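Contents: one structure, followed by commentary.
If you're wondering where the values come from, they're calculated on a predicted model, not measured in any experiment. Numbered from 1 within each chain, the chains take letters A, B, ... in sequence-line order.
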Number of protein chains: 2
Amino acid sequence: MALDFLSARSRSYQAKRHVVRHGDPLSPFPIITDGWAARCQILRDGSRQIFGLLLPGDMCHFNANPHAQSTHDIVALSSLQVAFIEQRDWREIKLNAPDIAVAIRRYANFESSILSAWIVSIGRRNALERTAHLICEVRFRLELINQVDGDSFAFPLTQDDLADVLGLTPVHTNRKLQDLRQAGLITLHGKRLTVHDLSRLERLAGFDREYLLPGVRELVS
Amino acid sequence: MALDFLSARSRSYQAKRHVVRHGDPLSPFPIITDGWAARCQILRDGSRQIFGLLLPGDMCHFNANPHAQSTHDIVALSSLQVAFIEQRDWREIKLNAPDIAVAIRRYANFESSILSAWIVSIGRRNALERTAHLICEVRFRLELINQVDGDSFAFPLTQDDLADVLGLTPVHTNRKLQDLRQAGLITLHGKRLTVHDLSRLERLAGFDREYLLPGVRELVS
DNA sequence: CGGAACATTGACGATAATCAAAGCGAGTGG
DNA sequence: CCACTCGCTTTGATTATCGTCAATGTTCCG
């Protein structure tokens with residue numbers, strides 16, 4: 001069952017987006033079937049940091065504790081379709097299809113690897129490398145779910161969103177995107193991102209797909 | 001069985017510390033019983049980012065995939081004692097003591113929360129707040145394992161290590177530590193850290209212990 | 001006592017943030 | 001169909017935070 005309960009993307013910037021709070025009664029194991037979302041936290045001063053991109057196939061609640069009003073939010077970054085797995089179905093799955101339970105655990109590792117890689121990126125790469133790295137990661141993840149069409153793919157993030165992923169200001173994000181464009185590496189227009197020279201982009205980013213592969217090998221098999 | 005295989009802390013800065021590589025044959029589920037370690041990654045340019053502090057009781061391998069030469073290292077930050085759980089013992093535990101398996105899963109959530117919080121810190125807090133926040137987190141975690149003595153605790157990290165945790169340079173880290181000292185919030189001397197005014201430090205850091213509690217409630221029970 | 005790691009200081013430079021304004025473009029209503 | 005909005009992107013000027021380089025102290029330990 002896929003619900004379109006978040007179909008309309010809401011507008012204003014700070015904390016006013018359509019939000020599903022962890023622990024909301026209506027959310028037993030949501031899985032994204034279409035569109036992008038993000039895990040994020042809003043700080044006192046109103047600034048926002050995104051620390052997870054949820055693409056189709058990703059589980060919103062994965063690492064969260066069901067019965068805790070977790071301190072982070074899930075926000076929609078595009079129109080979104082979500083499927084719910086009921087708790088009882090879930091228990092049944094775990095009993096009758098242990099393989100799936102294993103896959104889930106692999107998936108958790110996958111998510112953890114991404115978190116770690118983001119820390120490395122934000123902590124030690126400059127704005128340009130960081131931007132490039134994120135693009136490489138997203139492209140790679142989209143490739144896994146067949147959402148890359150040739151050398152381009154849908155990229156619904158606004159530059160403000162992207163800034164909150166990268167830990168930068170929107171203005172600086174804009175400038176670095178332009179640098180990437182002027183270097184002939186990408187074009188980004190109309191919510192669509194094209195990578196013209198993947199290997200050069202990956203080299204610039206210091207992107208090493210190995211950090212994602214282990215989880216993937218298991219996920220795919 | 002506790003081995004002292006990493007007892008001597010080695011010296012030089014880059015990648016030359018005593019290191020246990022993920023996937024090393026000798027490491028089936030190591031658990032730290034004394035001392036501190038860290039997960040980290042070294043980049044091309046030689047810079048290092050730490051993305052996880054391992055305190056007594058923490059599992060080195062937790063989120064790693066056993067049969068993958070993971071792209072990150074574990075380094076000792078002090079002399080270290082480690083206990084190993086053999087794979088077969090592990091399987092037995094999972095069968096005969098499901099509660100422990102559950103606890104482990106809670107622990108994974110705990111680790112994930114910390115990773116997320118680090119991203120928020122590095123991405124959106126300035127150097128001073130970030131430093132304060134890390135101190136609050138560490139203090140809190142040490143409190144859980146009864147390693148806080150009054151208002152002070154052992155803090156074996158070098159300022160270089162701390163810089164690699166915070167995503168700063170050693171010089172800047174030094175300056176921010178001095179700011180914290182001059183504000184009368186902490187003293188740090190001889191591998192021992194004293195927090196003089198916890199609530200003020202937490203306010204400065206924007207520290208909200210809620211983000212760690214959910215996992216903890218389960219862990220303790 | 002000597003040496004090495006670690007901590008601290010100062011001067012200077014680079015990267016990123018801030019502030020403010022202007023341009024663009026898709027969707028809306030007249 | 002055009003003009004109007006509103007959200008989003010782009011630009012420029014300026015400032016702040018943090019990084020770099022290099023030297024000097026300090027502590028710890030054999």
Between [Y] and [X], is there a side-chain heavy-atom distance shorter than 4.5 Å?
X	Y	answer
B/Arg141	B/Leu53	yes
A/Phe140	A/Glu143	yes
A/Val195	A/Val148	no

Between [N] atom [atom2] and [X] atom [atom1], what is the distance in whole Å?
X	N	atom1	atom2	result
B/Leu162	C/dT8	CG	C1'	15 Å
B/Gln159	C/dC6	CD	C1'	8 Å
A/Asp160	D/dT10	CG	C1'	13 Å
A/Gln182	D/dT10	CD	C1'	12 Å
A/Leu166	C/dA16	CG	P	11 Å
B/Asn174	D/dG25	CG	P	16 Å
B/His172	C/dT8	NE2	P	15 Å
A/Asn126	D/dT20	CG	C1'	15 Å

#### Entry: B/Arg130 side chain vs B/Gly123 backbone, donor-acceptor pair below 3.5 Å
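A pair under 3.5 Å: no.
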### Task
Please answer whether the main-chain N or O of A/Leu168 pairs with a side-chain N or O of B/Arg124 as donor and acceptor at a distance below 3.5 Å.
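A pair under 3.5 Å: yes.
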### Query
Side chains of B/Asp160 and B/Thr158: do they bring a donor and an acceptor to under 3.5 Å?
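No, B/Thr158 and B/Asp160 have no side-chain donor paired with an acceptor closer than 3.5 Å.
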### Task
Kindly determine whether A/Trp118 and B/Phe51 satisfy ring-ring contact (aromatic ring centres under 6.0 Å, His included), including the steps that lead there.
CA-CA 9 Å; A/Trp118 282 27; B/Phe51 51 87; over 10 Å; no
#### Entry: Position toward the 5' end of DNA chain D (nearest nucleotide), A/Arg181 or A/Gly123
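Residue closer to the 5' terminus by nearest nucleotide: A/Arg181.
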### Query
With a non-hydrogen cut-off below 4.0 angstrom, is A/Gly167 in contact with a base, only sugar-phosphate, or nothing?
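Sugar-phosphate only.
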### Task
Under 4.0 Å between any heavy atoms, over every strand shown, what does B/Leu168 touch: base, sugar-phosphate, or nothing? Just pick one.
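If one applies the 4.0 Å heavy-atom cut-off, B/Leu168 turns out to touch the sugar-phosphate alone, with no base involved.
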### D/dT9 phosphate, OP1 or OP2, under 4.0 Å from A/Thr158 side-chain N/O
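Looking at the OP1 and OP2 atoms of D/dT9, one of them is under 4.0 Å from a side-chain N or O of A/Thr158.
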### Task
Could you tell me, to 10°, how much the axis swings from one end of the helix from C/dC1-D/dG30 to C/dG30-D/dC1 to the other, five pairs per end?
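Inter-axis angle at the ends, rounded: 30°.
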### Message
Nearest to the side chain of B/Gln178, heavy atoms from C-beta on, is which of C/dT8, D/dC18, C/dA7?
### Response
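Per side-chain heavy atoms of B/Gln178, the pick is C/dT8.
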### Query
Which nucleotide, D/dT10, D/dC8, D/dG19, lies nearest any side-chain atom of B/Thr169?
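The nucleotide sitting nearest to the side chain is D/dG19.
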### Message
Need to verify one output field. Residue with the more 5' nearest nucleotide on DNA chain C, A/His189 or A/Thr173?
### Response
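Its nearest nucleotide lies further toward 5', so the answer is A/Thr173.
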